[in-house]
Amino acid sequence: MLGVCPRSVNRTMPWNPIIKSRRDWETIPNLHDYESVRKDFSWEQARAELDGLPDGQGLNIAHEAVVRHATGPLGQQTAIRWLGKSGQVEDYSYARLDDLTNRFATTLQGLGVVKGDRVFVLAGRIPELYITALGTLKHRALFCPLFSAFGPEPIRARLTIGQAKVLVTTESLYQRKVAGIRETLPHLEHVLLIGEERRPTAIPGTQNFHQLLEQHPGIYRIGPTDPEDAALLHFTSGTTGTPKGALHVHGAVVAHHITGKLALDFHPADIFWCTADPGWVTGTSYGIIAPLTNGLTCIVDEADFDAERWYGILQDHRVSVWYTAPTAIRMMMKVGVDLVRKYDLRQLRFLASVGEPLNPEAVVWGEKAFGRPFHDNWWQTETGGIMIANYAAMDVRPGSMGRPLPGIEAGIVKKTESGGVEVLNEPDVQGELALRPGWPSMFRGYWNEPERYKQCFAGGWYLTGDVAKKDADGYFWFVGRADDVIKTSGHLIGPFEVESVLIEHKAVAEAAVIGKPDPVAMEIVKAFVSLKDGHEPSDALRRELLGFARARLGAAVAPKEIAFLPTLPKTRSGKIMRRLLKARELGLPEGDTSTLEG
Ligand code: ATP
Ligand code: MG
């Protein structure tokens, strides 16, 4: 059953479209008048779209995502449609999800887990992961997801940092990755195993996840939850160094909910697919919380990227809103448009991307392949939710991250010697992207690293570590990570601009640009490129690419050197690791590679 208006949708809110018919209700973009909504927006008003716990007992993410729908008209609607690797399809209605997550919450209670204890999960995208996440949130313990492809050492490091009390994992992941390090984890009291094919397991020192769920009642009353109570511990991608554990609170749900609506244009009848793994923040904020608080149906695909499989999912499950990442888009571009044209994707209404800069070429390709552009948006693990976006009701500016969400003040700043910041108000001036603290999904700390947290703030701003520009119309343009920006012959070059030009060349699949130390220029621009199928590295192609880039960028900005690589090093969340290319180029230690794609 699809398309029931959730009880909680307050149609009078200024960001909701003015509707005259059911079709309008399903498709007219939210945030139709950016300026006026932005002017009048308040977080209290956004909070009013949510229910809150009964009897004024506070605000709990799982209540907003599951309980209030399960007990209302959406009870029998599919909340999660799970697509297994081998073709299985399982639907979980809101009511069923409520029952299963109650069982998990009572299981935690039975195990002596209390508010604030850390419950980690190490699993692929399987239903049990979603049950664990929402059951943990109901019980007011901290949900801490790990990416299932991590090896034993990154797993040990994160479980130790977070002092995990409970770990939910699968039998095979446990045997391959955890059994060998178990005795180094004195805080880990309970390991709950999901047996292969959900068979009972018999591994000493573990308990069976499904048996526990069967033994525990499906009735659970969420305890009082202060919006400031800790809810999620998310590790960053480790693109720039050792991953940090960013702590988020239950009140973040206000931002998850409203950004889903405003930036991803959620409408009540939407079928939404977020391709990110919950091991990364996108897969939790938008792969679990935001679509469920908005009462949508979420697609969860267990398998990894495969262009044909993905287009099949979009078509067969009638996905209307799709949230993915530049790395996947570039892989689809590599395959070409002929394949996608074989599918009927008319129901796909809104496409969005996050995680890395989205090259203008990729936006244009979206138009060609899907008849709709990808809408780039920007945020970080630390911000908990989308902060800057291209919106459904506005034309996309290819290459731009868009404009700040209502309720978010973003600026371009420069640190001063006195430890404050100077705001750079002139348009098109490069500086550090900064945000005024105070939105609900703002991180509340780096786990056990108060100093590192403190260093993120200056002069009343949160400093993001990214360099960007703002144009005269208020659109933000990503330049590069502060550590990746290249200083050459007295000016600053953002790698993104150079990479975007290189991938316009027909032979180039992906590009990464670094600054290579140079005695004269300080740094020179060096590019690493991987080629599309059917193209081979050669000196002739190298010269062609150098000339191609010079003609478009000018000699000062174009790369001076180009190296070919079969693939570029990336994090497991799909981000190009420029720091690794640089370390390798300079023969320096590679640093923390725990999140490097294997
Ligand atoms: P670490 O902080 O450990 O180095 P990370 O910054 O990659 O890892 P995440 O929080 O997952 O960890 O990623 C956020 C970063 O990703 C942003 O700070 C930005 O550099 C990049 N990013 C995300 N979305 C965009 C976007 N739309 N355009 C450009 N960059 C983006
Ligand atoms: Mg970061």
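One-based numbering, in listed order, for ligands and for the atoms of each.
If you number the atoms of ligand 1 from 1 as listed, the ones under 4.0 Å from a heavy atom of V354 come out as 24 (N). Listed by number with element, the atoms of ligand 1 under 4.0 angstrom from any heavy atom of K575 are 7 (O), 9 (P), 11 (O), 13 (O), 14 (C), 15 (C), 16 (O). Those atoms of ligand 1 with a heavy atom of N377 less than 4.0 angstrom away are 24 (N), 26 (C), 27 (N). Listed by number with element, the atoms of ligand 1 under 4.0 Å from a non-hydrogen atom of D466 are 17 (C), 18 (O), 19 (C), 20 (O). Close contacts between ligand 1 and P357 involve ligand atoms 28 (N), 29 (C), 30 (N) [criterion: under 4.0 Å to a heavy atom].
Here K454 pairs with E451 in a salt bridge; the nearest charged N to carboxylate O distance falls below 4.0 Å. Using a cut-off of 4.0 Å between Lys/Arg side-chain N and Asp/Glu carboxylate O, K582 and E585 are scored as not salt-bridged. Salt bridge annotation for K532-E510: absent, with no cationic side-chain nitrogen under 4.0 angstrom from a carboxylate oxygen.
Ligand 1 lies within reach of G355, whose nearest heavy atom is under 4.0 Å from it. For T464, the heavy-atom gap to ligand 1 stays at 4.0 angstrom or more.
Between F41 and W15, the ring centre distance stays below 6.0 Å.
Within the 3.5 Å criterion, the main-chain N or O of R125 finds a donor-acceptor partner in the side chain of W82.
Between S353 and ligand 1, not a single N/O pair is under 3.5 Å apart. Considering backbone and side-chain atoms together, L358 places no N or O closer than 3.5 Å to any N or O of ligand 1. Polar contact check, G238 against ligand 1: a nitrogen or oxygen pair lies under 3.5 Å apart.
Nearest protein neighbour of atom 4 (O) of ligand 1, counting heavy atoms only, is T240 OG1, 2.3 Å. The protein atom (non-hydrogen) at minimum distance from atom 7 (O) of ligand 1 is T239 OG1, 2.4 Å. Closest protein heavy atom to atom 15 (C) of ligand 1: R481 NH2, 3.4 Å. Annotation: atom 11 (O) of ligand 1 to nearest protein heavy atom, S237 OG, 2.8 Å.
The heavy atom nearest to atom 26 (C) of ligand 1, considering only K244, E356, H375, is found in E356. Nearest residue to atom 25 (C) of ligand 1 from F496, W477, W378 is W378 (criterion: closest heavy atom).
For the ring-ring contact (aromatic ring centres under 6.0 Å, His included) with Y453, the lone residue among F443, Y462, W447 that qualifies is F443.
Other residues, nucleotides and ligands contribute only 12 or fewer heavy atoms inside 6.0 Å of the NZ atom of K368. More than 12 non-hydrogen atoms from other residues, nucleotides or ligands lie less than 6.0 angstrom from CG of D473.
Heavy atoms of T381 found under 4.0 angstrom from ligand 1 belong to the backbone as well as the side chain. At a heavy-atom cutoff of 4.0 Å, ligand 1 is contacted by both the backbone and the side chain of Q380. Of the heavy atoms in W379, only backbone atoms (N, CA, C, O) come closer than 4.0 Å to ligand 1. For F478, every heavy-atom contact with ligand 1 shorter than 4.0 Å involves the side chain, none the backbone.
At least one side-chain heavy atom of Y286 sits under 4.5 Å from a side-chain heavy atom of L264. Using a 4.5 Å heavy-atom cutoff, the side chains of L586 and P517 are in contact. No side-chain heavy atom of S237 sits under 4.5 Å from any side-chain heavy atom of T595.
For H250, the ring-ring contact (aromatic ring centres under 6.0 Å, His included) criterion is met by no residue, not counting sequence neighbours.
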